[in-house]
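The structure under discussion appears below in the form of structure tokens.
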Amino acid sequence: PLINAKDGLWGIRSRNKEQSFGVDILLNDDIKLVTLVGKAGTGKTLLAIAAGLQKVTEEGVYQRLLISRPIFPLGRDIGYLPGDLEEKLTPWMQPIFDNIEFLMGISRADKRQGRSYHELMDMGILEIEPLTYIRGRSIPNQFMVVDEAQNLTPHEVKTIISRAGDNTKIILTGDPYQIDNPYVDSTNNGLVHTVNRFRGERIAGHVSLSKGERSALAELAANVLEGERLRGLTAALVEFNSATWKAKKDAGLSLAAEIAGIAVPEALAEFSDALQAATAIVYGPSNPVVSIAPILALTGVRERLEAFSGP
């Protein structure tokens, strides 16, 4: 049976089966690495923080809830931020603070009386840490949440996970289709890389969340503005990469032998048609400027398929 808190997690309950699966692996102490992937509004960060507070304050399994996220601006950067480290981090960590205050049930009247997330920080329950200074650290007995992990490179994720000390659990959350880091894409970012490489490992768990629960408007925006066909195609490519890598690892077979019966030109044309259709959804069917070539280059579809035509 699934592990689920009888009275919810700090006042919230899972709203769909995917969230129930997420709660199960978040509360399972035998699973040391959890990856939660999903579009905006699916509850990834809120569930991870709620589970962390449950494990730290109610069950006492971990000493502290440690939360971090990479610092990448959406759009044009506003430049230098004044103040000490905490003051500089506040704008970047505000989404985290919003979730924590929601779980604490802090109302507008409570805020006027001075209540905030600082209560948990003053008690030593919560710590907000920039990833900038994590190298060289050893982090034992902590429930660590890394939000927006899709903006990390595989090397950065390796650095973070290798910081885990005894009795530390690490949760990576993110949406591979909301990337602000110009040096990674939806297939080669650290979050997707971790999901693929930890498949089948007994101490790792993964859940993909697809149903938005934030609001009807947020769900509609995530579906309509992003282009579901493009999202599905990229997800299929991620699965394709993982499957071929696993076959190569387990059996030592060459990728060319794996797909010997596939006609490469037809497969490439099929990918091109699907991507062109997805582009029309995102940019409009009458836009003459849009070309399929940049998307093919970004996803690496052409290189992957053409590589299979060799001996």
Side-chain angles (χ1 to χ4, degrees), residues 9-12 36 38-57 62-137 139 142-153 156-157 159-160 163 168-175 178-184 189-191 214-215 218:
L9 298 174
W10 270 59
I12 65 170
L36 298 178
K39 62 187 177 185
T42 50
K44 308 177 296 294
T45 306
L46 185 63
L47 287 177
I49 295 175
L53 290 173
Q54 175 78 15
K55 285 295 182 179
V56 173
T57 63
Y62 306 98
Q63 292 180 353
R64 185 183 293 111
L65 170 60
L66 175 61
I67 305 177
S68 190
R69 69 200 314 248
I71 296 175
F72 283 97
L74 173 62
R76 193 178 297 273
D77 197 350
I78 63 174
Y80 170 77
L81 295 175
D84 58 20
L85 179 61
E86 182 179 347
E87 291 171 327
K88 291 178 187 294
L89 282 176
T90 297
W92 302 104
M93 299 297 176
Q94 194 59 51
I96 302 295
F97 299 149
D98 292 342
N99 280 318
I100 293 172
E101 291 184 349
F102 172 78
L103 292 168
M104 293 175 67
I106 295 179
S107 64
R108 186 175 299 178
D110 293 329
K111 290 184 178 181
R112 285 197 294 266
Q113 295 175 7
R115 291 197 63 197
S116 73
Y117 62 89
H118 279 286
E119 296 177 13
L120 297 179
M121 298 182 72
D122 294 340
M123 295 169 63
I125 295 173
L126 172 68
E127 181 181 352
I128 306 297
E129 177 82 7
L131 292 175
T132 309
Y133 310 113
I134 199 171
R135 185 179 295 278
R137 288 192 61 187
I139 305 175
Q142 297 194 34
F143 192 100
M144 183 177 182
V145 178
V146 180
D147 194 30
E148 302 291 341
Q150 77 276 3
N151 282 317
L152 297 170
T153 66
E156 288 169 335
V157 169
T159 301
I160 293 168
R163 299 305 96 203
T168 284
K169 182 165 186 163
I170 296 181
I171 291 83
L172 304 177
T173 69
D175 180 359
Q178 290 190 354
I179 293 180
D180 303 309
N181 184 348
Y183 301 107
V184 298
N189 63 80
L191 178 61
R214 179 175 292 156
S215 68

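We count residues from 1, following the sequence as given. Keep in mind that this is a model prediction, so the values were computed, not measured.
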Q. Met104 and Glu119: side chain to side chain contact (heavy atoms under 4.5 Å, CB included), yes or no, with the steps?
A. CA-CA 10 Å; Met104 293 175 67; Glu119 296 177 13; 3.6 Å; yes

About how many Å separate [atom2] of [Y] and [atom1] of [X], when rounded to the nearest 0.5 Å?
| X | Y | atom1 | atom2 | value |
| --- | --- | --- | --- | --- |
| Leu53 | Leu120 | CG | CG | 6.0 Å |
| Thr159 | Ile134 | OG1 | CD1 | 8.5 Å |
| Asp84 | Leu89 | CG | CG | 9.0 Å |
| Asp175 | Leu191 | CG | CG | 9.0 Å |
| Trp10 | Leu103 | CH2 | CG | 7.5 Å |
| Leu46 | Asp98 | CG | CG | 11.0 Å |

Q: Output yes when Arg115 and Glu101 qualify as a salt bridge under the 4.0 Å nitrogen-oxygen rule, no when they do not.
A: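 The answer is no: the pair does not qualify as a salt bridge.
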
Closest approach of [X] to [Y] (non-hydrogen atoms, all atoms of both residues):
| X | Y | answer |
| --- | --- | --- |
| Ala40 | Gln178 | CB-NE2, 3.5 Å |
| Pro130 | Ser68 | C-OG, 3.7 Å |
| Pro70 | Asn151 | CG-CB, 3.9 Å |
| Ala149 | Leu172 | CB-CB, 4.1 Å |
| Ile106 | Lys111 | CG2-CG, 3.6 Å |
| Ile12 | Ala50 | CD1-CB, 3.7 Å |

Q: Say whether, by atom type as modelled, one donor and one acceptor occur between the side chain of Glu156 and the main chain of Thr153 under 3.5 angstrom.
A: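 Indeed, once roles are kept as given, a pair shorter than 3.5 Å links the two residues.
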
Q) So, the side chain of Thr173 versus the backbone of Lys44: is there a donor-acceptor pair under 3.5 Å, distance only? A)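 Not at all, since once roles are kept as given, no pair shorter than 3.5 Å links the two residues.
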
Q: Check whether any side-chain heavy atom of Ile171 sits under 4.5 Å from a side-chain heavy atom of Phe143, and report yes or no.
A: yes

Q) Distance only, no hydrogens: is a donor on one side chain within 3.5 Å (strictly under) of an acceptor on the other, for Thr45 and Asp147? A)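 The criterion, which ignores hydrogens and geometry beyond distance, is satisfied for Asp147 and Thr45.
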
Q) Hey, what's the ring geometry for Phe97 with Tyr117, parallel, tilted or perpendicular (30° and 60° as the breaks)? A)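 Rings of Phe97 and Tyr117: parallel, as their planes differ by under 30°.
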
Q. Of Leu9, Leu126, Leu65, which meets side-chain contact (heavy atoms from CB on, under 4.5 Å) against Ile49?
A.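 Checked Leu9, Leu126, Leu65 against Ile49; only one passes side-chain contact (heavy atoms from CB on, under 4.5 Å): Leu65.
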
Q) Above 12 or not: heavy atoms from other molecules or residues under 6.0 Å from CZ of Arg137? A)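 Atom CZ in Arg137 is packed in, count exceeds 12.
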
Q. What do the steps show when you test Ile139 against Met144 for side chain to side chain contact (heavy atoms under 4.5 Å, CB included), and what is the final call?
A. CA-CA 9 Å; Ile139 305 175; Met144 183 177 182; 4.1 Å; yes

Q | Leu152 and Gln150: CA distance, side-chain angles, deciding distance, side chain to side chain contact (heavy atoms under 4.5 Å, CB included) verdict | A | CA-CA 5 Å; Leu152 297 170; Gln150 77 276 3; over 6 Å; no

(Q) Please evaluate residues Met93 and Arg69 with respect to the criterion side chain to side chain contact (heavy atoms under 4.5 Å, CB included), reporting the C-alpha separation (whole Å), side-chain torsions for both, the decisive distance (0.1 Å), and the verdict. (A) CA-CA 8 Å; Met93 299 297 176; Arg69 69 200 314 248; 3.5 Å; yes

